[in-house]
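First comes the structure, then the notes that go with it.
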Number of protein chains: 2
Amino acid sequence: MSYSIGQVADKLSISPYTLRYYDKEGLLPFVDRNPAGRRRFKDNDFNFLEVIVCLKEAGVPVKQIGNFIDLCMTGDTTLQDRYDFLNEHEAKLEAKMARLQHTLDFLRWKKWYYKTALQAGTESIHYLPGTNHVDPAVHAEFNQLVADGADPKDLGNLPEGTAKA
Amino acid sequence: MSYSIGQVADKLSISPYTLRYYDKEGLLPFVDRNPAGRRRFKDNDFNFLEVIVCLKEAGVPVKQIGNFIDLCMTGDTTLQDRYDFLNEHEAKLEAKMARLQHTLDFLRWKKWYYKTALQAGTESIHYLPGTNHVDPAVHAEFNQLVADGADPKDLGNLPEGTAKA
DNA sequence: ATAGAATCTAGAGCTAACTCTAGGTCAAGT
DNA sequence: ACTTGACCTAGAGTTAGCTCTAGATTCTAT
């Protein structure tokens, strides 16, 4: 069974342009061509494509993905290098997810900040008296709610039936 | 207390170039200037900067962050819009983290794939007999290990004392 | 047999987010 | 007073990762 570039593009939800670009950058040395020079993807090629898509999602630059594919094409002498490569990017991805978790926490506290302001009709309930500056105690209050067992995912949600229109 | 652009850049670990760029893009309408035209950041400005950094990390484009800052400068009439904005980006970030978790899962299975190949000295242990094609049963085997309670975070780790040098 | 759709290559064009240069001003220490 | 370093603006340059155009070829369905 073989697939045209368009069929592969559909399956992976990326454009044929992008696939050709990846090929140009050396990410697809494994794809065959038919006698007319058109790309013919094999079933087994999806194993590589899966890896490419994964590394892309992990934020690995295209050039580095190319290096990895090169290692794959070289054979068993590069098994350690390939392992190390994946190991490194696993660690980077774990670090990124930890950062994103902090980001999400922050977003949720700010959501709560606006939920409470919205319910009061004004942001000024969060200000230090007589200023336009946020009272640090407000963030502490939110932290306390979380420490007391509230789910930060829910705290910032507006109750039902609070739509503006 | 006020801070120069350089001091703020140091605190946030970003370059003064980048801060000026953000200013040019309308992200820093709240910063004061001294009589000579130099930026003077106030303590309260860090509340905004914190939000900007958070939204950046969340992957929000600079222009959209500018829109949000505009809402902030407008006053209480935009509280709902600000809430909605944060709500939307919370959802997007949750979706992204879910995708990254899948990516991480995949990376870990591939690490295990290479760990086992490395221990066998050849990737061909994963191939269907007489081919260069990966046996789908190999992935199933990994999934079974996970289903049986193994931690996917550990499965791919090489045992101690397996360094190549 | 043929029309319309897909594909090919080379190379131009685009966008986001910086990053830096040039030419000048300002501030702090000696 | 003078030097050094930080700061200013405007605008050019850079990089990654596409995205598209042009012009030619090939495939597919009637």
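Letters A, B, ... are given to chains in the order of the sequence lines, protein chains preceding strands, and every chain is numbered from 1. Only a predicted model underlies this, so the values are computations on that prediction, with no experimental measurement involved.
Residues that satisfy the side chain to side chain contact (heavy atoms under 4.5 Å, CB included) test with B:Ser2, not counting sequence neighbours, are B:Arg40.
Ring geometry for A:His139 against A:Phe106 counts as perpendicular: the plane angle is over 60°, on a 0 to 90° scale with 30° as the lower cut.
Because its NZ or CZ atom is not both nearer than 6.0 Å to the ring centre of A:Tyr3 and within 45° of the ring axis, A:Lys42 does not count as a cation-pi partner of that residue. A cation-pi arrangement is not found for B:Lys24 relative to B:Tyr21, the charged atom failing to lie both closer than 6.0 Å to the ring centre and inside a 45° cone about the ring normal.
The CG-P distance, from B:Leu19 to C:dA17, rounds to 15 Å in whole Å. In this structure, B:Leu12 places its CG atom 13 Å from P of C:dC18, rounding to the nearest Å. Taking atom OH on A:Tyr17 and atom P on C:dC8, their separation rounds to 12 Å, with Å as the unit. When the P atom of D:dC18 is taken as reference, atom CG of A:Leu28 falls 12 Å away, rounded to whole Å. Taking atom CD1 on A:Ile65 and atom C1' on D:dC18, their separation rounds to 13 Å, with Å as the unit. Distance A:Ile52 CD1 to D:dC18 C1': 16 Å, rounded to the nearest Å. Here C:dC8 presents its P atom at 13 Å from CG of A:Asp32, a figure rounded to the nearest Å.
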Trace of the ring pair (Phe, Tyr, Trp, His ring centres under 6.0 Å) decision for A:Tyr113 with A:His126
CA-CA 8 Å; A:Tyr113 173 99; A:His126 294 318; 4.3 Å; yes
Annotated protein contacts, base or backbone, on nucleotides 1-17 of chain D with a non-hydrogen cut-off under 4.0 Å, one of B, S, - each
-----BBSB-B-----B
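Under the 4.0 Å criterion applied to side-chain N and carboxylate O atoms, A:Glu90 and B:Lys153 are not assigned as salt-bridge partners.
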